[in-house]
2 protein chains.
Amino acid sequence: MQEMLQAKTQEQANGNQGSLLDKLRKLVLSGEYPPGAPLPELFLAEEFDVSRTPVREALKQLENEGLVEIRPKVGTFVRIPTRREIVELFQLKESLEGLAASLLARRGPVPELDRLKRNIEASEGAERRGDSAKYAELVHEFHWTIVNGSDNSKLREHYGRLMNQLAYHRIVLETVERPARMRASIREHQSVLEAILEKDPTGAELAMRGHVNASSLAAARIAPESPDVAGN
Amino acid sequence: MQEMLQAKTQEQANGNQGSLLDKLRKLVLSGEYPPGAPLPELFLAEEFDVSRTPVREALKQLENEGLVEIRPKVGTFVRIPTRREIVELFQLKESLEGLAASLLARRGPVPELDRLKRNIEASEGAERRGDSAKYAELVHEFHWTIVNGSDNSKLREHYGRLMNQLAYHRIVLETVERPARMRASIREHQSVLEAILEKDPTGAELAMRGHVNASSLAAARIAPESPDVAGN
DNA sequence: CGTACGTTTGATGCATGCAAGAGATGCTTC
DNA sequence: GAAGCATCTCTTGCATGCATCAAACGTACG
C-alpha cells in the first residue's frame, strides 16, 4: 500500500506515466543495482528494449532525486549518501514529520485518525507476535499516513524525495529498530496520536519530533561508512 | 576563450556562463516567460542554438522542480502555483527555516554570525534611507545566510527548490512587506540573531518561525488567484 | 624498474530524422 | 446557422548516427 502512495507522489512530480523512470528507481532503491554500480545507458536501453534517449532522461531525473550520480563523459553510478548526508536527511525528516503531525492535529476529524488508531493496534499485534516484517511495514505506513494526512501536497513531495534518499537506510533502520525500540516506538506513536486527537499541534509536533529523533539516533549510529564511488 | 560569440539573442549574451538548465530556469523565474506561456522545444532550441535534445532534458528538470508543466504530446508551459500551493510552500518554508535557525544556533561561532549582524545593520540603513530594493535584497540574503549557516546541504537543497517555486511570489512578498513590515521585520531578525548568539536552538527556531509566519501571512493574503493553466 | 606519454576504447553529449498524437481548422450535411 | 466529422498542422516521443572526451592500456624511455 505504501508503495502505491509513494509511486503516486512520484508521478505527480514528473507528470509522466513513464514507467521506465519508475522501473529504474525501483531497481536502484531495491538494491538490485547496488551502490557504486555503473548504469551504462546502452545496457539499460537494451535491458528495457528502448533507445538511449528515454534512458538518458530517466537517469537525469534520478540524478535530480539524488539516487544516482552522473559523472559527465564518464557514466552514471548508483549513489549512496555519505554518513553526513544521512544525518542531514534525518534532521530534515524530523522537521518535516513534525510539521506534518502539527498540520494533521489542526485538521479535526479526518479518516486518517482512524487509520492511525488501527495502525497502532496492528503494530501492537505484530509486536506481540514478533512479526518484525509486518511491524516495519506498519511503522512505514504510520509515518506516511501522518504525512498524507497533513493535507499538504508540497510537504508530501519533499518528504517523498527525502525518503527515497533514505530508502537504502530504511532497511537498516528497521533492522536496528526491530529488536530494541519496538515497544518504545509504539508508545511514542500513541503519544503522537493522542496529541493529534486532542488537537494539540504543538504537542503533536514535539511528540513526533521526539519520536523521529529517537529512531534516527539508532539508525545513524550504525550508518555504513561512505564509500567513495569515484575512488575505484 | 568563450569570446567567440555567434551572433545570438539577448538571452544568451545575458547569461553567458551556466548551463542551459540554468538559463531556462532564470528566464522562467524572472517572468520573462510568463506563467502559462508555452515553451516549445524547437523554439527554445533555436533561441539557444542547440538541438531539441538538451532543451528537452532541461525542460524535464524544470518540471521536476515544479517550475513548468509538461503535458504529454501537447507541450510545456510555465507553471504558476495555485494559491493553495503557495500556502503549502509557506508552511514548509517556516518549518525549514526554523530548522536552519536551530541548527545554526547549535554551531557556535561561525562567520555567518558576523554576516547576519552586518546584514541587520545594513537593513536598518536601507530602511532609514527608504531603499526598499536594497532592503528586499538584504532580507533575501538574511534568510539564505541562515540556511547556508545551518551547514546542512540537504536542507539547502530542499530550501532552494522551495524558494524557486516561490520565486514568483517573492516579488509579491517584497512588495507587500516593504511599506508595512519593514521595521517589525528587522526587529524579528534581531530576535532571531539574538537567540542564535545565545546558542538557544529552540528560541532561535521559534523566533524564526514566528518571523516567517508573519511575513507569509501578508504575502498569502494577496496571493493572486490561481489560473488553471492546464484547464484540467 | 618506474614513469611519462601516445593510443585505444568505451561511454557520453548532441544533432537529426521519422512517426504519432492532440488540438485546431474547415468542410460537409442537415 | 449549427453540429458532426475528416483533415491538417504543430508539437512531442523516440531511434539512431556521429563527434567528443575521460579513463585504461600499452609502449618507450630514463
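Each chain gets a letter, A, B and so on, in the order its sequence line appears, and its residues count up from 1. For the numbers below, each heavy atom of this structure counts, side chains included, while hydrogens, waters and symmetry mates do not.
- Across the protein-nucleic acid pair, A:Leu42 atom CG and C:dT9 atom P stand 17 Å apart, rounded to whole Å.
- The pair B:Glu157-B:Lys154 meets the salt-bridge criterion, with a side-chain N (NZ, NE, NH1 or NH2) lying under 4.0 Å from an Asp/Glu carboxylate O.
- Looking at B:Lys60 and B:Asn64, their side chains never come closer than 4.5 Å, going by heavy atoms from C-beta outward.
- Atoms CD (A:Glu41) and P (D:dG17) sit 16 Å apart, rounded to a whole Å.
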Can I get a per-line list of side-chain donor-acceptor pairs under 3.5 Å for residues 33-49 of chain A, giving both atom names and the distance, sequence neighbours left out?
from: A:Glu41; atom 1: OE1; to: A:Arg52; atom 2: NE; distance (Å): 3.0
from: A:Glu41; atom 1: OE1; to: A:Arg52; atom 2: NH2; distance (Å): 2.9
from: A:Glu41; atom 1: OE2; to: A:Arg56; atom 2: NH1; distance (Å): 2.7

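- One can place NZ of A:Lys60 at 7 Å from P of C:dC14, the figure rounded to the nearest angstrom.
- For the segment residues 50-58 of chain B, residues with any heavy atom less than 4.0 angstrom from an atom of DNA chain D are, sorted by number, B:Arg52, B:Arg56.
- Comparing A:Val74 and B:Leu59 against DNA chain D, the residue whose closest nucleotide sits nearer the 5' end is B:Leu59.
- The residue A:Pro38 sits apart from the nucleic acid: no heavy atom pair falls under 4.0 Å.
- Regarding A:Phe43, its CZ atom lies at a distance of 17 Å from the C1' atom of C:dT12, rounded to whole Å.
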Q: Go through A:Asn152 and B:Gln91 one step at a time and tell me if the side-chain hydrogen bond (donor to acceptor under 3.5 Å, both in side chains) criterion holds.
A: CA-CA 9 Å; A:Asn152 181 317; B:Gln91 288 173 342; 2.7 Å; yes
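- Within 3.5 Å, no donor on the side chain of B:Lys73 pairs with an acceptor on the base of D:dT11, nor the reverse.
- The aromatic rings of B:Phe142 and B:His189 sit parallel to each other, their planes meeting at less than 30°, with 60° as the upper class boundary.
- Each of B:Glu85, B:Glu63, B:Glu65 was checked for a side chain to side chain donor-acceptor pair (under 3.5 Å) with B:Arg79, and the lone residue meeting it is B:Glu85.
- Following rounding to the nearest Å, A:Phe77 (CZ) and C:dT12 (P) show an atom-to-atom distance of 9 Å.
- What separates CG of A:Leu39 from C1' of C:dA11 is a distance of 13 Å, to the nearest Å.
- Here the P atom of nucleotide C:dA22 and the CD1 atom of B:Ile70 are 16 Å apart, to the nearest Å.
- A:Arg71 has its CZ atom 14 Å from the C1' atom of D:dA24, to the nearest Å.
- Residue order along DNA chain D, read from the 5' end via each residue's closest nucleotide, puts B:Pro40 first among B:Pro40 and A:Asp49.
- A salt bridge is defined here as a Lys NZ or Arg NE, NH1 or NH2 lying under 4.0 Å from an Asp or Glu carboxylate O, and B:Asp151 with A:Arg84 meets this definition.
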